[in-house]
Amino acid sequence: MKGGGGGGVYSGKRRWRGLVIAVLGLVFLSMLVPLLFLLGLHNGFHSPGSEQQSSPSIGLGEYGTKIVIRDASNLSEGDRSNHVDDLVKQFAPTLSKDILKNISHPAENETKSPSAMHDNEEEKGFSVPPHADLQSLPIENNPKAGASVQIIDYAKGGVDQSGKSCELKFGSYCLWREQHREDMKDSMVKRLKDHLFVARAYYPSIAKLPSQDKLSREMRQNIQEVERVLSESTTDADLPPQIGKKLHRMQAAIARAKSFHVDCNNVDKKLRQIYDLTEDEANFHMRQSVFLYQLAVQTMPKSLHCLSMRLTVEYFRSPFDDTEASLADKYIDRALQHYVIFSTNVLASSVVINSTVMHAKESGKLVFHVLTDEENYFAMKLWFFRNTYKEATIEVLNMERLDLNNSKLQFSLPVEFRVSHSVDAQSRTEYLSTFSHLHYRLPEIFQNLEKVVVLDDDVVVQQDLSALWNLNMEGKVNAAVQFCSVKLSLLKSYLGENSFNKNSCAWMSGLNVIDLVKWRELDLTETYQKFVKEVSHIVSTQEAQNEAVALHASLLTFQDLIYPLDGSWALSGLGHDYNVDVYPIRNAAVLHYNGKMKPWLELGIPKYKGYWKNFVNREDQFLTDCNWNS
């Protein structure tokens, strides 16, 4: 009986021992499973959702260059780390200038086959892994598939998503920016920014590896140090002396981080954030640059403003003998050659008169009528009183004080229009200058004259113009150089649905011979007013009205009344075209600086400025006092 009782106790102990072992095993497993997940071993098992493809990201690189990044989530485990390296190397926000050589023209923007993309992967700056899915993926907010690497360089003729090139969008600003592009400066600052972006992309993945706490702390310290340096330095000269060692430590830390297999999604998310910020910053700087360019070309230089103010003050300080009465007969003498200039720029109008007189065979026959506003009238009067131009006669008229038929005139300069169009798949920008509203009052202003030559204030005369006075205009009213690179069909948005010959060439102001007798017979001023009324009610703002109406009414008023001058009489484009040949410049009778880059501006095209500066009176004391020569 004792033996039986002892066996029951022994079997009970074995059952309790088994329960204890089972409990301990469960406790061990409950601790082991989280530990496995913390160690990242779960990366070898993919959840069903991990097989879904994520959409590619879109960003903007340096110089406004647009980049579309393919998704690469379908890489094999062995290629994943290499693919991250390629992403970071090829798509750092500060792109190398070599990437700007691959300009995507309209004909080259077609979607390429996977094999073609693989052959051209080095040209596109994007390394395609051997197992990557090359099929195009849909882009967020864009229904089109087939996204590929697309590089758009506005400055060299690339086009944006709307199909507009830089010239079509911003005009001569793009030409000026390309000509004045400078070599990269402050290379050390840019290198620090590049490495900072790469370190930020890798840091979140390294921070999730418990075994790499030391590397994680080192990367965080390097990132903080570089951020502090960049917050205090914008150029290489501002950098501290030991910056080379800090950059070397960051490079070493990044190299160690690249040796680990990290999650591509973390790096991809960080890169997306960086490109979003870069895109916003690039767009801001592009808009700011265009605005500052437009401001510079529309603002009178300080030296010229000083000249006008000094002349006005001197006019009232030192009264001079007015010789208007003695010259009144010359102003209306039909036997003389009368030139009309609309200008508010003292120096520009002086260059036009000086260059015309210097090349004239008989300067005593020349009479210049300078039409200006009240603000610049007194400065003009004193300037042309102090300066003589051989035997030529000069009259200055204040148009805002001139009373014609009990109606006061509002002064306006010739109007320039930027016409951007494509020729043989290449964008071109032309500047078309036309008459302003005030030009159509010429028959009333000069009632005693029969013919005048109208000159813009941005021209330089290189030959004698006396032959224009013997010109047989064959019953036409306006003799002008035609601009056949711009057909009227390109201007249909301005001309509306009026009946006109779409193949006719546009004409340019700058050098125009006007038959005032024929003008009065046809009553072209009334015709112009009729066209003005047709368009005025369509355009809302006054500024837009003045420009749009001037082009619309001018082209239609002189339809079939233009006598075409030979192209050698006037050469245009010197205010916007960098590629005008030297031979036509030397042989042209008149050089026209139409465009935004006038020769008296700092933004003027340097190689054309000399033709204009040759006729500036550099010895004048007012120019010296206003530092114009400097």
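Numbers for residues simply follow the sequence, beginning at 1.
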> Got a donor-acceptor contact below 3.5 angstrom from the Arg401 side chain to the Glu374 backbone?
Replying inline: no

> Is the closest side-chain donor-acceptor distance between Asn376 and Thr344 under 3.5 Å?
Replying inline: no

>> Quick one, Leu556 and Gln559 - any side-chain contact, counting heavy atoms below 4.5 Å?
In response: yes

>> For Phe558 and Phe435, take the angle between the two ring planes, folded into 0 to 90°, and tell me which bin it lands in: parallel under 30, tilted 30 to 60, perpendicular over 60.
In response: perpendicular

> Is it true that the side chains of Asn345 and Ser343 contain a donor and an acceptor less than 3.5 Å apart?
Replying inline: no

>> Between Tyr611 and Ser355, is the side chain to side chain contact (heavy atoms under 4.5 Å, CB included) condition met? List the steps.
In response: CA-CA 10 Å; Tyr611 301 101; Ser355 62; over 6 Å; no

>> If the condition is side-chain contact (heavy atoms from CB on, under 4.5 Å), which residues does Tyr578 pass it with, not counting sequence neighbours?
In response: Leu175, Trp176, Gln179, His180, Met597, Ile605

>> For Ala296, is there any backbone N or O sitting under 3.5 Å from a side-chain donor or acceptor partner on Glu602?
In response: no

>> Can you confirm whether Val357 sits close enough to Phe368 that some side-chain heavy atom of one is under 4.5 Å from a side-chain heavy atom of the other?
In response: yes

> Can a donor-acceptor pair be found between the side chains of Ser509 and Asp456 at a distance below 3.5 Å?
Replying inline: yes

>> I'd like to know whether Tyr339 forms a ring-ring contact (aromatic ring centres under 6.0 Å, His included) with Trp469, so could you lay out the CA-CA distance, the side-chain angles of the two residues, the decisive distance to 0.1 Å, and finally the verdict.
In response: CA-CA 11 Å; Tyr339 295 86; Trp469 298 96; 5.7 Å; yes

>> Using a 3.5 Å distance criterion without hydrogens, assess whether the side chain of Glu400 forms a donor-acceptor pair with backbone atoms of Asp373.
In response: no

> Do the side chains of His437 and Tyr528 get nearer than 4.5 Å, heavy atoms only?
Replying inline: yes

> Does Asp329 offer a backbone N or O that forms a donor-acceptor pair with the side chain of Asp333 under 3.5 Å?
Replying inline: no

>> Between Leu311 and Tyr315, is there a side-chain heavy-atom distance shorter than 4.5 Å?
In response: no

>> Tell me whether Asp620 contacts the main-chain N or O of Phe622 through its side chain, where contact means a donor paired with an acceptor under 3.5 Å.
In response: yes

>> Under the criterion side-chain hydrogen bond (donor to acceptor under 3.5 Å, both in side chains), I'd like the reasoning laid out for Ser350 against Tyr389: C-alpha separation, chi angles, the key distance, then a yes or no.
In response: CA-CA 9 Å; Ser350 174; Tyr389 301 86; 2.8 Å; yes

> Atom NE2 of His576 and atom CZ of Arg418: how far apart are they, to the nearest 0.5 Å?
Replying inline: 11.5 Å

> Are side-chain heavy atoms of Ile585 and Leu591 found at a separation under 4.5 Å?
Replying inline: yes

> Leu524 and Tyr440: side chain to side chain contact (heavy atoms under 4.5 Å, CB included), yes or no, with the steps?
Replying inline: CA-CA 8 Å; Leu524 292 185; Tyr440 292 91; 5.6 Å; no

> Does Glu416 pair with Lys598 as a salt bridge, N-O distance under 4.0 Å?
Replying inline: yes

> Stepwise, does the side chain to side chain contact (heavy atoms under 4.5 Å, CB included) test hold for Glu362 with Ser466?
Replying inline: CA-CA 9 Å; Glu362 297 180 87; Ser466 59; over 6 Å; no

>> Would Ser436 and His439 count as a side-chain hydrogen bond (donor to acceptor under 3.5 Å, both in side chains) here? Give the steps.
In response: CA-CA 6 Å; Ser436 67; His439 283 71; 3.0 Å; yes

> Going through the checks in order, is the side-chain hydrogen bond (donor to acceptor under 3.5 Å, both in side chains) test met by Thr525 and Trp519?
Replying inline: CA-CA 8 Å; Thr525 302; Trp519 186 311; 3.1 Å; yes

> Taking all non-hydrogen atoms of both residues, which atom of Leu347 and which atom of Val616 are closest, and how far apart?
Replying inline: CD1-CG1, 4.1 Å

> Would you say the ring centroid of Tyr563 lies under 6.0 angstrom from that of Trp507?
Replying inline: no

> If you measure from OG1 on Thr393 to OH on Tyr331, what distance do you get to the nearest 0.5 Å?
Replying inline: 7.0 Å

> Could you state the interatomic distance from CG (Leu371) to CG (Leu442), rounded to the nearest 0.5 Å?
Replying inline: 7.5 Å

> Going by heavy atoms in the side chains, are Ser303 and Asn627 under 4.5 Å from each other?
Replying inline: no

>> Is there a side-chain contact between Thr372 and Val396 in this structure, where contact means two heavy atoms from C-beta onward sitting under 4.5 Å apart?
In response: yes

> Can you name the side chain to side chain donor-acceptor pair (under 3.5 Å) partners of Asn594, sequence neighbours left out?
Replying inline: none

>> Could you check whether His359 and Phe615 have their ring centres less than 6.0 Å apart?
In response: yes

> Rounded to the nearest 0.5 Å, what separation is found between the NZ atom of Lys476 and the CG atom of Leu471?
Replying inline: 13.0 Å

> Given side chains that start at C-beta, do those of Asn478 and Ile514 come closer than 4.5 Å, heavy atoms only?
Replying inline: yes

>> I need the minimum non-hydrogen distance between Leu397 and Glu395, along with the two atoms involved.
In response: CD2-OE2, 3.2 Å

> Which value, rounded to the nearest 0.5 Å, describes the distance between Ile353 atom CD1 and Ser363 atom OG?
Replying inline: 13.0 Å

> Looking only at heavy atoms, which two atoms of His592 and Gly510 are closest? And how far apart?
Replying inline: CE1-CA, 3.9 Å

> Has the side chain of Tyr608 got a donor or acceptor atom that lies under 3.5 Å from a matching backbone atom of Gly573?
Replying inline: no

>> Is there a side chain to side chain contact (heavy atoms under 4.5 Å, CB included) between Leu432 and Met508? Walk through the geometry before answering.
In response: CA-CA 6 Å; Leu432 187 66; Met508 292 276 289; 3.4 Å; yes

> What's the shortest heavy-atom distance between Arg618 and Thr624, and which atoms?
Replying inline: O-OG1, 4.2 Å

> For residues Ser554 and Thr434, is any side-chain donor paired with an opposing acceptor at under 3.5 Å?
Replying inline: no

>> Tell me if the centroids of the rings in His338 and Phe446 come within less than 6.0 Å of each other.
In response: no

> For residues Asn617 and Asn354, is any side-chain donor paired with an opposing acceptor at under 3.5 Å?
Replying inline: no

>> Once rounded to the nearest 0.5 Å, what's the spacing between atom CG of Asp581 and atom CZ of Arg586?
In response: 11.0 Å

